[in-house]
Protein chains: 2
Amino acid sequence: MPAMFRTVERTAGGVRLLDQRRLPGEACYVECRTPREVVEAMRAMVVRGAPAIGVAAAYALAMGASGERSRSAADFARGWAEICATVEAARPTAVNLRWAVRRMDRVARDLLEGGVAVDEVVRRLEAEAASIEAEDLAACRAIGRHGADLVPDGATVLTHCNAGGLATAGYGTALGVVRGAVEAGRRLRVLADETRPLLQGARLTAWELMQDGIETVVIVDGAAGSLMQRGEVQLVVVGADRIAANGDVANKIGTYPLAVLAREHGIPFYVAAPLSTFDPHCPDGAGIPIEQRDPDEVVSFSGQRVAPPGVGVFNPAFDVTPARLISAIVTDRGVARPPLAAALAAQLATVGASPTDASPTERP
Amino acid sequence: MPAMFRTVERTAGGVRLLDQRRLPGEACYVECRTPREVVEAMRAMVVRGAPAIGVAAAYALAMGASGERSRSAADFARGWAEICATVEAARPTAVNLRWAVRRMDRVARDLLEGGVAVDEVVRRLEAEAASIEAEDLAACRAIGRHGADLVPDGATVLTHCNAGGLATAGYGTALGVVRGAVEAGRRLRVLADETRPLLQGARLTAWELMQDGIETVVIVDGAAGSLMQRGEVQLVVVGADRIAANGDVANKIGTYPLAVLAREHGIPFYVAAPLSTFDPHCPDGAGIPIEQRDPDEVVSFSGQRVAPPGVGVFNPAFDVTPARLISAIVTDRGVARPPLAAALAAQLATVGASPTDASPTERP
């Protein structure tokens, strides 16, 4: 993605978000002045994608802390706890949100318990949020390096939703693998599922890949099976909103059917995500909360209703792909292959602590 | 479907089509004055659904014949041949179109060869078209009776696109099975895949089922797998645009993934279609031509573009579900179970000749 576009940015006055609802028609920004405004922007899908939500949450907390900087340590701590609770409740499925909040919270608590002045705590929280953003970008680039060799020269790569620079601090996870392969000299083509209901594939994946000059073909979600059947897909790579300890993966609704279809056709199915997307405390996919979203996302388009009034609508935002259907999970630490539970545990061990252990009091 | 709505109707002045592009917002009609206008209406999806296309084709031919009634027999025959060629070329996948044209053509040729006066030929063609419509409605009702017992009480039935009264002369094929089950006293609920790109599920299936008071829930196409995974689907029933001799079925894009998913979850996958949808001269699905449609159907909505300009789009209107994934095909003659090739051949034998044998000179 060109440097002029930043998905999430901490500005002097707040947190600036590229408004992904209006892409590709317009590239404009929403400036959030309070943590609550960032939460609303997350719910409205101004910013989306698990890693990007984590970065936005970190900056929302830094901004919130900054707003409390003139208070006493005790008052700051109370205000901080409220801000953390507000931000963590923004959306339920993407674990990076919880991960970022708990990481920031641990920094604040440790410093406050150590008697560090509020002003310095705020400064350190700003730095921590900037680190989260920088680490996410670095993690995506590492995912790209590790995943590049999974893409054969001349391949057509099918992806779903947007797990690109727009879903992260930049570069992307699934699209990080695509970019890594391109940087490694592979010729490739991307098939982008349009990804109903919010069309992140048609709108966002197509937009950012075209900026990079990567050939992209948009299809309706229902066309992926037929293309696999005709031998026109060499691999599938998607992002993740949460990965359970056993390797089950929650991702955008419509991902699970792709995994079943890929298995049916002997096509490798890869998931790409930073370690911040792992939730080792969640034993399997059954424990992942699935967000139900507004029926209007399905039955309305630009204010125009497409289904008859009164009809029922079921609009789950995510589904769960069981580990047995996943050929490998590409993380910033390498390529985890089945058995995924053991491979993921080994990767987590290399970083010392599990990513969601940020709040020690929350350990099960 | 209430009696006040008719999908296709021969009027004094032409052929009247319920404009399915504008449903459910408006129920209005397009009046076609020439066969060419019916062809354009088929291409624009004013009328769609294989059986309804067959009925519309028959009436287009009757109207065309009527317009040539004052000509000599030789001139009439030449004009008739042109009209048949024009109508048959309207859309490539639905075999009911070819079937209806050849059935009408055989009537015309037999009468002309027998020296029957043009006026009388026209009268007989009008009657034949009316028979095609009446037979289609009767076939749908028979499909409903045969299919009713496939639906357990309390079932949730998943369907794709619209294979209802709007896709036929009335009552429907897949929705004929639903209606047959309701008439047999079953309580049921229908999950309607919205069916991108043209949203026939959200717009048409939801509309006509709500008219009948049948509980309907609309989902995005990508959500079907997740609902199957959670045990919320008891059977899948879809229509067909063409059925090959071996039982392979061409139907709306997105059907094949449902069949793969149904097999994965041990859920029966049924196809419902009249015998006019069979093409015994097509040995298997590889021989079925798949219509490619305008990319704008995917990347535009109500004139608003959703994907970036210049992006590639692949928009096949249909896919092919192999016979091995189909639990049964419900026709007006009964329930054909695997091995489908033999079961279908036996059903065809009961009607004496294969439906697409209407033009003897075209036999292979």
Side-chain angles (χ1 to χ4, degrees), chain A residues 23-25 160 189 191-197 199 201-203 206-207 209-210 215-227 229 252-261 263-264 290 295 297-299 301-302 304-316 318-320 322, chain B residues 23-25 160 189 191-197 199 201-203 206-207 209-210 215-227 229 252-261 263-264 290 295 297-299 301-302 304-316 318-320 322:
Chain A
L23 287 173
H160 190 69
R189 180 175 75 142
L191 278 178
D193 268 0
E194 64 171 4
T195 315
R196 284 279 295 156
L199 301 170
R203 296 191 300 107
W207 182 76
L209 291 178
M210 287 181 75
E215 184 186 351
T216 308
V217 176
V218 174
I219 57 173
V220 297
D221 303 330
S226 161
L227 285 160
Q229 192 184 40
K252 179 56 55 193
I253 191 77
T255 300
Y256 169 61
L258 294 183
V260 171
L261 287 162
R263 171 63 51 95
E264 173 81 5
I290 300 297
E297 289 182 352
V298 177
V299 293
F301 191 97
S302 282
Q304 186 182 333
R305 193 167 171 97
V306 293
V311 74
V313 178
F314 183 61
N315 184 23
F318 306 97
D319 61 22
V320 174
Chain B
L23 287 173
H160 190 69
R189 179 175 75 143
L191 278 177
D193 267 1
E194 63 171 4
T195 316
R196 284 281 294 158
L199 300 170
R203 295 191 300 107
W207 182 77
L209 289 179
M210 287 181 75
E215 184 186 351
T216 308
V217 176
V218 173
I219 58 173
V220 298
D221 302 330
S226 161
L227 285 161
Q229 193 184 39
K252 178 56 55 193
I253 192 77
T255 300
Y256 169 60
L258 294 183
V260 172
L261 287 161
R263 172 63 52 95
E264 172 82 6
I290 300 297
E297 289 183 351
V298 177
V299 294
F301 190 95
S302 282
Q304 186 182 332
R305 194 167 171 96
V306 293
V311 75
V313 177
F314 182 60
N315 184 23
F318 306 97
D319 60 23
V320 174

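Chain identifiers are assigned alphabetically (A, B, ...) following the order of the sequence lines, protein sequences preceding nucleic acid strands; residue numbering begins at 1 within each chain.
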Worksheet, complete the sentence: Highest number of heavy-atom pairs under 4.5 Å with chain B among Pro197(A), Gly312(A), Gly254(A) belongs to Gly312(A)
Worksheet item: What's the shortest heavy-atom distance between Pro309(B) and Met210(A), and which atoms?
Response: O-CE, 3.2 Å
Response to the item:
d(Leu227(B) CG, Ile253(A) CD1) to nearest 0.5 Å is 7.0 Å
Worksheet item: Considering all heavy atoms of both residues, which atom of Val311(B) and which atom of Thr216(A) are nearest to each other, and what is their separation?
Response: CG2-O, 3.5 Å
Worksheet item: Which heavy-atom pair separates Gly225(B) from Tyr256(A) by the least distance, and what is that distance?
Response: O-CE2, 3.5 Å
Practice prompt. Taking the side chain as every heavy atom from C-beta outward, state whether Asp221(B) and Arg196(A) have any atom pair closer than 4.5 Å.
Written response: no
Item to complete: Sort Pro295(B) into side chain, backbone, both or neither according to what part of it lies under 4.5 angstrom from a heavy atom of chain A.
Response: neither
Worksheet item: Closest approach of Pro24(A) and Pro308(B), non-hydrogen atoms and distance?
Response: CG-N, 3.6 Å
Item to complete: Find the one option among Leu261(B), Ile290(B), Thr255(B), Val218(B) whose heavy-atom pairs under 4.5 Å with chain A are most numerous.
Response: Val218(B)
Discussion item. If I compare all heavy atoms of Asp319(A) with all of Ser226(B), which pair ends up nearest, and what's the gap?
Written reply: CB-CB, 3.7 Å
Worksheet item: Counting heavy-atom pairs under 4.5 Å to chain B, which of Pro316(A), Gly25(A), Ala223(A) comes out on top?
Response: Ala223(A)
Worksheet entry | Among the listed options Pro322(A), Pro257(A), Ala192(A), Gly310(A), the residue most often paired with chain B at heavy-atom distances under 4.5 Å | Pro257(A)
Worksheet item: Does Val320(A) offer a backbone N or O that forms a donor-acceptor pair with the side chain of Gln229(B) under 3.5 Å?
Response: yes
Worksheet entry | Worked check of side-chain contact (heavy atoms from CB on, under 4.5 Å) between Phe301(A) and Val306(B) | CA-CA 11 Å; Phe301(A) 191 97; Val306(B) 293; 3.2 Å; yes
